[in-house]
S.K.: 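I'd like to ask you about the structure that follows.
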Amino acid sequence: MEQNRRVRVRFAPSPTGALHIGGVRTALYNYLFTKQNGGDMILRIEDTDSQRFVPGAEEYIIEALNWLGIKFDEGVGYGGKHAPYRQSERKDIYRKYVDILLENGKAYIAFDTPEELERQRAVIPNFQYDATTRGSMRNSLTMEESEVEALIAVGAKYVVRIKIEPEEDITVNDIIRGKVTINSSVLDDKVLYKSADNLPTYHLANIVDDHLMEISHVIRGEEWLPSAPLHLLLYRAFGWEETMPHFAHLPLLLKPDGNGKLSKRDGDRLGFPVFPLEWRDPKSGDVSSGYRETGYLPEAVVNFLALLGWNPGTEQEILSMDDLIRLFDIERCSKAGAKFDYEKGKWFNHKYMQEKSNDDLAALFCPVLKEYGIDPAKYDIPYIISLVKERVSFVKELWNQTSYFFIAPETYAEKDIRKRWKDGMPEIITALITLLEKEDFSAEKLEPIVLDWIAANGYHLGNTMNAFRLAVVGECRGPHMFLITDVIGKEETIKRLKYALQEIKPID
RNA sequence: GGCCCUUUAGUCUAUCGGUUAGGACGCAAGAUUCUCAUUCUUGAAAGAGGGGUUCGAUUCCCCUAAGGGCUACCA
């Protein structure tokens, strides 16, 4: 990389809805790259499509990235010396630069309406507005200057198009893909400035803003690779090629079924969230789930996403944000799209759950308990969590694993009744009640007493303990039995055993 | 259709011409255990196909195929 230019990157989403997980990864890679280089991270909102603007999207994007720990130095909501950072507030700037292009002959005015273009496309196969066709269209290249002026004076709608010179090989040097060359003849004279809303298109606004905001590296999705040559031509047209940013086009995140890139519209259709945060579409009212609400830890999401398209080259997979900033290497990014593997995401969350302290998990779990009508203050929640945490991947799953600590079972798992509540068992449980009633109930004391009693009477250890477990828990699962009885106490344990004796009928 | 990008197990990937092709998720089996889960151990599983270049190709080149992207007054 040439000169000692300060590293400045931007994440430039369009506020057309929730940010999807692929966009999050793009933001993450930008962040990792700029932070490891001591650079700046800029948030620019590209709202030049007034038709597709969705209220709330901008706030959503900021909140989502904030949740994930991706921090900005400048931009919408953060301020900075290049403000404003919302493109809709930069109209005058774009107009000025469009005029420069018009003056130096790099762009021209076209009066063709969308309907007229539609007709051309219907009549001429593969119609493209370019050097071969613009001579027969209604534009400032084919019309008299006086006529153009007259039309504008009358208020005729027009667009500004870039004038692409044909038969020139254009090479973009991509950090990830190397040199990508295409011939200018396959490019069309893209609209730079729209008549519909008097706003620039992405292409123009993007180049002007990246230049003005002194962006050093453009790290974006592969869907932009085909228009990169156009962007290079625009830098040239403005005479900015010397300070043009470096480009890196990231491989796309693909649907797990292998049909296309992951998109916002996938919502929950694929069986997992595609959004970082829950999103309620303001128009349809549809709610799509988010990673946060599903119970993901932000560290897990960041770690998982970082490894979709990049890896450190070692066998280490659990990486904190600081690790990632230190190890990230944009040149090591893979080139091929990555299918989104939700199962692996779950595994990451499990790993991060295990690293959380019991107190931290308790703080996350208490709201869930309250939803179920349990008062956490009455229990030692961190201790209960310590008994079951290793068997869950999400905070919400803690409820399935701990509900019997708070609520006595009313039904019993049929397969466990069938296996463990056989003839003679009710009598053994009745005898167990008699034993328990006179014993000390701490786990360490009770365990040898009960085990010795089972052995002394010649009962089957597995069957007896599992019947005991079935009566107390409702099914045969959970942590060590005497740790459970220790938590729920003598009175409750005996109550549950007595209840089970009336309720459970052996199944043959 | 045109243009561009890509191609190692089901999935994410390591390998920068010479390896028993490594790791992880998932899957299967076993061990541990009063149960389920965790954990541990083991296992099955890959270089798209065809040509070159080379003493030697997963690795470099070409062709084909497949997948993906773009092809709007959307980003």
Side-chain angles (χ1 to χ4, degrees), chain A residues 12-16 46-49 51-52 87 110 112-114 117-118 121 125-126 128-129 157-161 172 174 176-177 180-183 185-188 190-203 205-206 220-229 249 251-252 254 256 258-261 304 307-318 332 334-348 350 354 388-392 401 413 416 419-420 447 450-451 454 460-470 473 475-482:
Chain A
S14 191
T16 57
E46 308 219 327
D47 54 350
T48 54
D49 185 354
Q51 303 297 311
R52 294 207 304 157
Q87 290 186 329
D112 319 271
T113 64
L117 292 172
E118 196 82 18
R121 291 190 186 103
N126 301 323
Q128 180 166 282
Y129 209 119
K157 294 272 193 183
Y158 65 89
V159 299
V160 177
R161 288 180 181 272
V172 175
D174 187 275
I176 297 172
R177 289 153 210 284
V180 177
T181 302
I182 77 147
N183 192 279
S185 294
V186 304
L187 260 27
D188 65 336
K190 274 270 175 301
V191 170
L192 301 178
Y193 204 79
K194 301 176 279 181
S195 69
D197 47 15
N198 279 316
L199 245 25
T201 57
Y202 168 85
H203 305 291
N206 191 259
R220 81 229 294 197
E222 193 186 350
E223 70 267 30
W224 293 110
L225 191 54
S227 50
H249 290 93
L252 265 14
L254 274 16
N259 276 308
K261 64 172 175 173
F304 173 47
L307 259 24
L308 240 34
W310 170 84
N311 74 82
T314 64
E315 285 174 3
Q316 187 184 359
E317 288 202 291
I318 299 298
R332 276 188 63 90
S334 43
K335 299 181 177 76
K339 279 184 194 162
F340 193 82
D341 181 10
Y342 189 63
E343 287 303 321
K344 185 129 189 190
K346 286 199 319 211
W347 176 79
F348 272 105
H350 179 262
Q354 306 318 308
V388 301
K389 72 189 275 191
E390 65 189 15
R391 54 188 74 212
V392 301
Q401 297 296 335
D416 293 325
K419 189 172 176 190
R420 307 292 187 180
E447 179 170 0
V450 173
L451 261 28
I454 290 172
H460 185 281
L461 178 68
N463 287 345
T464 310
M465 285 305 297
N466 277 294
F468 185 17
R469 178 181 292 279
L470 175 64
V473 173
E475 58 186 306
C476 293
R477 66 183 178 101
H480 196 68
M481 193 55 208
F482 295 102

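In this text, all values refer to a predicted model and were calculated from it rather than measured experimentally. Every chain is numbered from 1, with letters handed out A, B, ... down the list of sequences.
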S.K.: Any N or O donor-acceptor pair linking the side chain of A/Thr201 to the base of B/C73 at under 3.5 Å?
M.R.: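 A donor-acceptor contact between them is absent.
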S.K.: Answer yes if the side chains of A/Asp112 and A/Tyr129 hold a donor-acceptor pair under 3.5 Å, and no otherwise.
M.R.: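 Judged by distance alone, the side chains do pair up.
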S.K.: For A/Glu475 and B/C34, give me the distance from atom CD to atom C1', rounded to whole Å.
M.R.: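 Result: 15 Å.
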S.K.: OP1, OP2 of B/G67 versus side-chain N and O of A/Lys261: anything below 4.0 Å?
M.R.: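 No, outside the criterion.
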S.K.: Determine, using ring centers only, whether A/Trp347 and A/Tyr342 are less than 6.0 Å apart.
M.R.: no
S.K.: Which residue, A/Pro251 or A/Gln354, contacts RNA chain B at a nucleotide closer to its 5' end, judged by nearest heavy atom?
M.R.: A/Pro251
S.K.: Quick one: the side chain of A/Arg52 and the base of B/C74, do they pair up donor-acceptor inside 3.5 Å?
M.R.: yes
S.K.: Which whole number of Å gives the distance between the P atom of B/C16 and that of B/G22?
M.R.: 14 Å
S.K.: Expressed in whole Å, how much space separates the C1' atoms belonging to B/U58 and B/U53?
M.R.: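 These two C1' atoms come out 16 Å apart once rounded.
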S.K.: Suppose you measure atom P in B/G18 against the same atom in B/C60; what distance do you get, rounded to whole Å?
M.R.: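 Those two atoms are separated by 12 Å.
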S.K.: Using OP1 and OP2 only, check whether a side-chain N or O of A/Asn126 sits under 4.0 Å from B/G1.
M.R.: no
S.K.: What integer distance in Å separates A/Lys190:NZ from B/C73:C1'?
M.R.: 11 Å
S.K.: Strictly below 4.0 Å: does A/Lys194 bring a side-chain N or O up to OP1 or OP2 of B/A75?
M.R.: yes
S.K.: May I ask you to decide whether A/Lys344 forms a salt bridge with A/Glu317, counting only side-chain N to carboxylate O separations under 4.0 Å?
M.R.: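 Salt bridge between A/Lys344 and A/Glu317, a charged N being under 4.0 Å from a carboxylate O: yes.
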S.K.: Could you state the NE2-C1' distance from A/His480 to B/U38, rounded to the nearest angstrom?
M.R.: 15 Å
S.K.: Taking 4.0 Å as the cut-off, does a side-chain nitrogen or oxygen of A/Ser334 come that near to OP1 or OP2 on B/C12?
M.R.: no
S.K.: What is the distance from NZ of A/Lys339 to P of B/A9, rounded to the nearest Å?
M.R.: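 My rounded result for the distance is 10 Å.
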S.K.: Think A/Arg477 has a side-chain N or O under 4.0 angstrom from the OP1 or OP2 of B/U33?
M.R.: no
S.K.: May I ask you to evaluate whether A/Arg391 reaches the phosphate of B/C36, defined as a side-chain N or O under 4.0 Å from OP1 or OP2?
M.R.: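 For B/C36, OP1/OP2 do not have a side-chain N/O of A/Arg391 under 4.0 Å.
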S.K.: Touch check for A/Gly309, heavy atoms < 4.0 angstrom, all strands: base, sugar-phosphate only, or nothing?
M.R.: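 Here A/Gly309 touches the backbone only, sparing every base.
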